[in-house]
Peer 1: 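Take this structure, written in structure tokens, and hold onto it; I'll ask about it next.
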There are 2 protein chains.
Amino acid sequence: MTSTRILILGVLLDGPLHGYKVRRRLELWGADSWASVAYGSIYHGLAKMADEGLLEVVEGGRGGKTVYAITDDGRAEFYHRLFRAWMDISPIVDPFQVAMTFMDRMPQAELLRAMQARSEQLRLTISMMERSLGGKQGFGAPRHIDENLKLITGQLRAQLDWLDETIPKVKAGDLP
Amino acid sequence: MTSTRILILGVLLDGPLHGYKVRRRLELWGADSWASVAYGSIYHGLAKMADEGLLEVVEGGRGGKTVYAITDDGRAEFYHRLFRAWMDISPIVDPFQVAMTFMDRMPQAELLRAMQARSEQLRLTISMMERSLGGKQGFGAPRHIDENLKLITGQLRAQLDWLDETIPKVKAGDLP
DNA sequence: ACGCGAGTGCTCAAATTTGACTACAAATTT
DNA sequence: AAATTTGTAGTCAAATTTGAGCACTCGCGT
């Protein structure tokens with residue numbers, strides 16, 4: 001997503017790092033489960049932002065690791081984006097929503113099977129996430145990262161509730 | 001998102017259309033609020049999929065409108081993607097989640113203001129969405145599209161609950 | 001002292017997304 | 001009837017994302 005930039009800037013706030021370390025840090029924070037930043041995007045983002053003066057190359061270059069540091073412009077950009085992200089209520093884009101849109105294209109029996117399977121799967125995922133709460137406290141990940149997990153499970157639970165509410169309607173033929 | 005393809009295929013399921021009509025249909029379904037398909041992506045997607053044999057050009061070309069129809073391969077692709085989307089529990093990617101990650105970078109007072117403002121804003125958005133339930137029944141949009149709205153409001157409500165639960169913790173200094 | 005798997009660190013081409021901008025037609029204003 | 005707005009239809013360059021693959025290092029078992 002476009003969260004790439006803010007994530008990179010945020011990671012560099014604490015000190016210069018090279019691409020791989022940035023990725024590691026994000027993984028430590030569990031960012032792979034609530035953002036989705038591909039390897040390449042990090043390197044692209046670093047290079048691009050260096051170009052724009054938000055970062056500067058501190059060390060290396062030619063072949064070896066390239067270490068980037070955040071500049072004052074970068075800090076300003078970070079806070080600007082952070083503020084925007086807090087204010088904007090952007091639609092949550094979820095492939096599942098898209099699937100729902102086409103619920104009327106599936107035979108009822110198959111639809112029901114899919115819904116039930118998803119409901120099961122959600123229960124598992126949620127309890128797995130809840131069990132992992134506090135698990136990352138060990139090394140480097142700040143405590144408030146858990147809040148992220150909590151918010152996600154809350155949202156998944158909302159999806160689960162919707163499913164459990166809607167399955168009977170489909171059974172009864174009220175939907176789709 | 002990568003939902004572009006499934007959305008386009010899904011729209012064409014009912015008959016051949018040209019790019020602009022596809023966009024219109026998606027807007028009618030309110031897709032702009034739960035997916036995010038930019039104009040250009042539609043035209044790109046159409047051309048690409050035609051290239052791959054999932055669609056075929058039915059009419060026009062050179063300058064005027066180009067009408068696309070779904071092929072059998074396209075239908076197969078659609079159902080395949082639909083199935084995957086029902087099964088996968090992919091992380092919901094939300095810029096707000098990203099902002100949360102950096103809650104420890106904001107001065108407490110500002111953080112609180114932001115949280116409260118967002119909470120307010122969410123309440124408004126939710127009640128607005130709830131009022132618009134059933135509003136699109138009028139023309140062409142299938143009834144089950146409302147379910148989409150319901151799921152979204154559920155998820156927003158989960159976010160609201162999280163905020164209302166977390167604000168006191170921040171006030172008390174337990175977080176971040 | 002050699003091979004091999006795991007970890008580190010990055011590159012690159014291809015795919016996709018973005019949204020400002022063009023162009024013309026129909027409807028509305030003035 | 002000219003002028004302006006709104007709607008229809010699409011193009012294009014630039015930005016970004018994706019993920020397979022490359023190159024190197026290090027520890028470890030044989």
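A, B, ... follow the sequence lines: proteins, then strands. Residue 1 opens every chain.
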Peer 1: Does a nitrogen or oxygen in the side chain of A:R23 sit under 4.0 Å from OP1 or OP2 of C:dG9?
Peer 2: no
Peer 1: Is the centre of the A:F102 ring less than 6.0 Å from the centre of the B:W29 ring?
Peer 2: yes
Peer 1: Could you give the CG-to-C1' distance, from B:L17 to D:dT8, as a whole number of Å?
Peer 2: 14 Å
Peer 1: When you check the side-chain N and O atoms of A:R123 and A:S119, is any donor under 3.5 Å from an acceptor?
Peer 2: yes
Peer 1: How far apart are the C-alpha atoms of B:R113 and B:E110, what are their side-chain angles, what is the distance that settles it, and do they pass the salt bridge (charged side-chain N to carboxylate O under 4.0 Å, His left out) test?
Peer 2: CA-CA 5 Å; B:R113 251 199 320 278; B:E110 201 184 322; 5.1 Å; no
Peer 1: Would one find a side-chain N or O of B:T4 under 4.0 angstrom from OP1 or OP2 of C:dT17?
Peer 2: yes
Peer 1: With respect to the phosphate group of D:dT8, does any side-chain polar atom (N or O) of B:Y20 fall under 4.0 Å of OP1 or OP2?
Peer 2: yes
Peer 1: Report the distance from atom CD of B:E27 to atom P of D:dA9, rounded to the nearest whole Å.
Peer 2: 13 Å
Peer 1: Using salt bridge (charged side-chain N to carboxylate O under 4.0 Å, His left out), reason through A:R143 and B:D174 one step at a time and then give a plain yes or no.
Peer 2: CA-CA 10 Å; A:R143 199 178 346 13; B:D174 294 345; over 6 Å; no
Peer 1: Specify the angle, to 10°, made by the local axes at the two ends of the helix from C:dA1-D:dT30 to C:dT30-D:dA1 when five pairs are taken at each end.
Peer 2: 10°
Peer 1: Flag yes if more than 12 heavy atoms outside B:R84 fall under 6.0 Å of its CZ atom; otherwise flag no.
Peer 2: no
Peer 1: Nearest-Å distance, OH (A:Y39) to C1' (C:dA13)?
Peer 2: 18 Å
Peer 1: Round to the nearest Å and state the distance from B:K21 atom NZ to D:dG7 atom C1'.
Peer 2: 13 Å
Peer 1: Please list, in numerical order, the residues of residues 43-56 of chain B that have a heavy atom closer than 4.0 Å to any atom of DNA chain C.
Peer 2: B:H44, B:K48
Peer 1: Within the pair A:R24 and C:dG7, is there a side-chain N or O less than 4.0 Å away from OP1 or OP2?
Peer 2: no
Peer 1: Of the candidate nucleotides D:dT18, C:dC10, D:dG10, which contains the atom at the shortest distance from the side chain of A:K65?
Peer 2: C:dC10
Peer 1: What pairs with A:D14 under salt bridge (charged side-chain N to carboxylate O under 4.0 Å, His left out), at least two apart in sequence or on another chain?
Peer 2: B:R105
Peer 1: Give the rounded distance in Å between these two atoms: CD1 of A:I8 and P of D:dT16.
Peer 2: 10 Å
Peer 1: How long is the straight-line distance from CD of A:E56 back to CG of A:L12, given to the nearest 0.5 Å?
Peer 2: 11.0 Å
Peer 1: What is the separation between atom NE2 on B:H18 and atom P on D:dG7, rounded to the nearest whole Å?
Peer 2: 16 Å
Peer 1: Without decimals, in angstroms, what is the distance between A:I6 CD1 and D:dT16 P?
Peer 2: 14 Å
Peer 1: Would you give the length of the straight line joining atom OG1 of B:T166 to atom CE of B:M103, rounded to the nearest 0.5 angstrom?
Peer 2: 7.0 Å
Peer 1: Could you see if A:I89 belongs to whatever hydrophobic cluster contains B:M129? Use Ile, Leu, Val, Met, Phe, Trp, Tyr and a side-chain cutoff under 4.5 Å.
Peer 2: yes
Peer 1: Students often get this wrong, so: under 4.0 angstrom with heavy atoms, is B:G40 touching a base, only sugar-phosphate, or nothing?
Peer 2: base
